[in-house]
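Excluded from the calculations below are hydrogen atoms, water molecules and symmetry mates; all remaining heavy atoms, backbone and side chain alike, are included. Keep in mind the model is a prediction, meaning the values are calculated, not measured.
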Amino acid sequence: MPKKFKGENTKAVDARNRKAAVSAEKNAAAKKAAEDEAWHDDDKLNNKKAQRKNAEEEKKKAALERKKLAAQMLAEEEATLEAAASSKTPAKKVTQAELSKKKKVPTATLR
């Protein structure tokens with residue numbers, strides 16, 4: 001005959017403890033979710049106010065980006081214009097007296 005079991009089944013005790021821990025975690029999570037839901041703000045006016053604020057911030061960021069891009073493009077264009085201007089020799093100014101001399105010279109050679 002088999003011996004009578006004296007004491008507890010350790011595997012069954014471990015399983016009971018695991019199940020108790022899992023159920024305690026579920027209960028704690030449910031309580032936390034319920035408390036978070038109780039503190040949740042459903043005020044439509046505050047939500048719209050926050051949305052407007054976010055939209056304004058996005059517009060400001062976009063405007064700042066456009067300004068930076070425009071400034072960068074302007075700087076690049078000015079640099080290319082300066083480079084082109086510095087490579088050209090400036091036109092020499094011609095006075096009315098010089099023009100009249102140039103006009104008189106060819107006419108004198110034709111006569």
Side-chain angles (χ1 to χ4, degrees):
M1 279 223 296
K3 292 183 180 178
K4 273 247 178 184
F5 184 70
K6 296 179 184 177
E8 294 181 302
N9 184 351
T10 56
K11 291 182 182 179
V13 171
D14 290 341
R16 254 187 267 126
N17 290 339
R18 279 195 307 270
K19 286 181 185 179
V22 168
S23 67
E25 286 180 25
K26 284 184 181 179
N27 289 339
K31 283 183 183 179
K32 185 177 183 331
E35 185 177 342
D36 289 344
E37 185 62 32
W39 283 99
H40 182 69
D41 188 18
D42 288 337
D43 190 9
K44 291 180 181 179
L45 293 177
N46 284 342
N47 289 341
K48 284 187 178 183
K49 183 178 177 182
Q51 286 177 346
R52 283 193 306 267
K53 185 177 178 181
N54 290 339
E56 287 177 16
E57 288 177 3
E58 290 297 322
K59 285 181 184 179
K60 285 181 183 180
K61 286 180 183 178
L64 184 62
E65 286 295 322
R66 285 194 306 270
K67 277 186 174 181
K68 285 182 180 179
L69 180 63
Q72 181 183 6
M73 290 173 61
L74 178 64
E76 289 175 1
E77 186 176 350
E78 287 177 349
T80 58
L81 289 176
E82 287 178 8
S86 66
S87 65
K88 291 182 182 178
T89 56
K92 183 180 176 185
K93 290 187 179 181
V94 181
T95 62
Q96 288 291 332
E98 291 173 349
L99 286 175
S100 63
K101 282 183 186 178
K102 286 184 181 180
K103 286 184 182 179
K104 287 181 184 177
V105 172
T107 55
T109 56
L110 292 176
R111 288 187 190 171

Find the distance between [atom1] ([X]) and [atom2] ([Y]) and round it off to the nearest 0.5 Å.
X: Thr95; Y: Lys101; atom1: OG1; atom2: NZ; answer: 8.0 Å
X: Lys44; Y: Lys48; atom1: NZ; atom2: NZ; answer: 8.0 Å
X: Glu76; Y: Met73; atom1: CD; atom2: CE; answer: 7.5 Å
X: Thr10; Y: Asn17; atom1: OG1; atom2: CG; answer: 11.0 Å
X: Arg52; Y: Asn47; atom1: CZ; atom2: CG; answer: 11.0 Å
X: Lys67; Y: Lys60; atom1: NZ; atom2: NZ; answer: 11.5 Å

Please tell me if the side chains of [X] and [Y] come closer than 4.5 Å, counting only heavy atoms from C-beta onward.
X: Arg18; Y: Asp14; result: yes
X: Glu58; Y: Asn54; result: no
X: Val13; Y: Arg16; result: yes

Least distance between heavy atoms, Lys93 atom then Glu98 atom: O-OE1, 3.9 Å
Option from Gln51, Glu56, Glu57, Lys49 for which side-chain contact (heavy atoms from CB on, under 4.5 Å) with Lys53 holds: Glu57
